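All values derive from a computational prediction rather than experimental measurement. What's counted below: heavy atoms across the whole structure, side chains too, no hydrogens, waters or symmetry copies. Index from 1, following the sequence.
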Amino acid sequence: MNEVDSDGMSLRRPRRGHEALRPGRLLRALPTPHGTPFTFAYALVLLATAIYTDYGDEATVNQLLRESSTDAAHLAEQPLVVLVASALWIAGGLYSLYGILFVLVVSALERRTGGARTAGVFLLGHVLATLATELPVAGAVAAGRLPEASLHRLDYGISFGVMACIGALAGLLGPRAKWTVLGLAFLMCAQDLVEFADPLASWGHPIALLTGMACWGLLRDRGPATGGASAPAAGAGSAAGAAGRAGSGAVPSPLGAPLEGGRAGAPQQRLGGAAVGRGVREETLQRGCAQCAGQEVPVQAVAQARQGLPVLGEACEEPL
């Protein structure tokens with residue numbers, strides 16, 4: 001239903017789709033050095049290596065990629081070095097889809113879980129998917145089912161880590177966005193398996209996606225403590241409230257009868273022009289005669305005055 005202004009003109013609300021495409025919202029999705037330091041620093045490294053891949057010396061680039069490859073031979077010789085080095089490159093360079101997904105997905109995950117857990121999910125997906133695809137190759141070569149050249153197959157890139165972050169991020173979204181993201185991710189994996197252009201990557205992507213989904217229980221924040229923890233808090237609040245009422249003169253006392261037409265239980269009444277609180281402290285009145293002027297009346301006299309009984313002075317025996 002459209003809103004109408006004072007002139008009778010229809011006012012249409014902007015659609016959510018248009019709001020999502022505003023430049024400001026798109027800019028807020030990008031990583032920043034303060035909001036997402038892990039994604040920001042990592043993106044700068046990937047940008048530098050992608051530029052060098054596209055515009056650097058071809059022979060040098062090929063040599064660096066071969067030395068960074070997580071093939072079976074390198075994993076057997078120096079596993080830690082190549083597992084880290086292979087994640088510093090984007091397969092496809094500046095025009096890779098996974099480079100765009102890295103900026104959007106990993107930064108969104110870091111805003112929700114922090115840099116440490118985001119880096120853990122990325123590294124876990126990258127390592128597990130790499131080992132799950134390369135170790136069977138080594139076993140097949142040892143069994144004589146694949147040629148020895150398969151041990152030196154070029155394998156690098158960030159796609160496994162990005163796919164794991166997609167799976168982890170989906171668990172932190174609402175139901176509709178969650179299944180939309182997972183549906184698109186599984187379509188990408190299914191397309192890889194149908195085309196089967198790269199067997200290792202085709203099986204590695206769904207493995208990495210499932211690895212990220214397995215991290216849902218570790219990434220979701222626990223709810224506030226309930227049950228026994230809330231009872232002491234409530235008791236403390238009641239005690240604090242009672243103390244506050246005592247300090248302000250609002251604690252009920254035996255001297256709670258109506259006075260001068262006032263209702264019982266009123267926070268404060270007045271007698272003889274002086275404020276009389278309902279607290280636990282001793283209350284005083286000023287005597288009305290000349291001989292007793294300035295002398296204080298004890299609490300019993302206050303009680304008698306509230307009950308409408310005459311109160312006599314000690315020296316003159318005149319009523320107050």
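Here the side chain of Arg153 pairs no donor or acceptor atom with the backbone of Ala149 at under 3.5 angstrom. Proximity of a side-chain donor or acceptor of Glu134 to a complementary backbone N or O of Leu75 within less than 3.5 Å is not detected. Using modelled atom types, one side-chain atom of Thr32 and one backbone atom of Gly35 make a donor-acceptor pair closer than 3.5 Å. Not one N or O on the side chain of His152 forms a donor-acceptor pair closer than 3.5 Å with the backbone of Ala73. The backbone N or O of Leu94 lies less than 3.5 Å from a partner atom in the side chain of Asp54, making a donor-acceptor pair. Not one N or O on the side chain of His205 forms a donor-acceptor pair closer than 3.5 Å with the backbone of Cys189. Judged by distance alone, the side chain of Ser68 and the main-chain N or O of Leu65 form no donor-acceptor pair under 3.5 Å. Although no hydrogens or angles enter the test, the distance criterion places no donor-acceptor pair under 3.5 Å between the side chain of Ser96 and the main chain of Gly93. At least one donor-acceptor pair under 3.5 Å links the side chain of Thr70 to the backbone N or O of Asp155. Counting only distance, with no hydrogens or angles, the side chain of Glu110 and the backbone of Thr39 share a donor-acceptor pair below 3.5 Å.
Summarising the geometry of Met163 relative to Ala208, their closest heavy-atom pair is CB-CB, 4.0 Å, with the distance given to 0.1 Å. Closest approach of Ser150 and Val141 over heavy atoms only: CB-CG2, 4.0 Å. Taking all atoms of both residues into account, the shortest heavy-atom contact from Leu169 to Leu173 is O-CG, 3.3 Å. Nearest approach of Leu193 to Ser202, heavy atoms of both residues: CD2-O, 3.3 Å. For the pair Trp216 and Gly167, the tightest heavy-atom approach, listed with the atom from each and the gap, is NE1-O, 2.6 Å. Minimum interatomic distance between Ala50 and Ile90 (heavy atoms only, all atoms of both residues): CB-CD1, 4.5 Å.
No path of Ile, Leu, Val, Met, Phe, Trp and Tyr side chains, each step under 4.5 Å between heavy atoms, connects Leu104 with Leu47, placing them in separate hydrophobic clusters. Under the 4.5 Å side-chain heavy-atom criterion for ILVMFWY residues, a single connected hydrophobic cluster contains both Leu210 and Ile166. Note on Leu97 and Leu209: same hydrophobic cluster, where clusters join Ile, Leu, Val, Met, Phe, Trp and Tyr whose side-chain heavy atoms are under 4.5 Å apart, directly or indirectly. Criterion: ILVMFWY side-chain heavy atoms under 4.5 Å apart, direct or through other members. Under it, Leu101 and Met213 are part of a common hydrophobic cluster. Transitive grouping of hydrophobic side chains (ILVMFWY, heavy atoms separated by less than 4.5 Å) brings Phe186 and Met188 into a common cluster.
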### Task
Could you walk me through whether Arg112 and Thr118 pass side-chain contact (heavy atoms from CB on, under 4.5 Å), step by step?
CA-CA 9 Å; Arg112 289 165 172 80; Thr118 300; over 6 Å; no

### Query
So Asp71 and Leu151, side-chain contact (heavy atoms from CB on, under 4.5 Å) or not? Walk me through it.
CA-CA 6 Å; Asp71 52 65; Leu151 297 176; 6.0 Å; no

#### Entry: Chi angles and distances behind the side chain to side chain donor-acceptor pair (under 3.5 Å) call for Ser86, His126
CA-CA 9 Å; Ser86 63; His126 175 70; 3.1 Å; yes

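Judged purely by distance below 3.5 Å, without hydrogens or angles, the side chains of Ser107 and Thr36 never pair a donor atom with an acceptor atom.
Asn62 has its side chain within reach of Glu58: a pair of non-hydrogen atoms, C-beta onward, lies under 4.5 Å apart. Side-chain atoms of Glu67 and Val82, non-hydrogen and from C-beta on, never get closer than 4.5 Å to each other. Contact annotation: the side chain of Arg111 never approaches that of Val106 to less than 4.5 Å [non-hydrogen atoms, C-beta and beyond]. The shortest distance between side-chain heavy atoms of Phe122 and Leu109 does not fall below 4.5 Å. Within the 4.5 Å cutoff, the side chain of Leu88 has no heavy atoms near those of the Tyr156 side chain. Residues Tyr52 and Thr60 have side chains in contact (heavy-atom distance under 4.5 Å, counting atoms from C-beta outward). Inter-residue side-chain proximity for Phe160 and Tyr98 is flagged as unmet; no heavy-atom pair is nearer than 4.5 Å. The side-chain heavy atoms of Ile158 and Trp89, taken from C-beta on, include no pair separated by under 4.5 Å.
Remark: Arg66 CZ to Leu154 CG distance equals 8.0 Å, nearest 0.5 Å.
Within 6.0 Å of CH2 in Trp179 there are 12 or fewer heavy atoms belonging to other residues, nucleotides or ligands.
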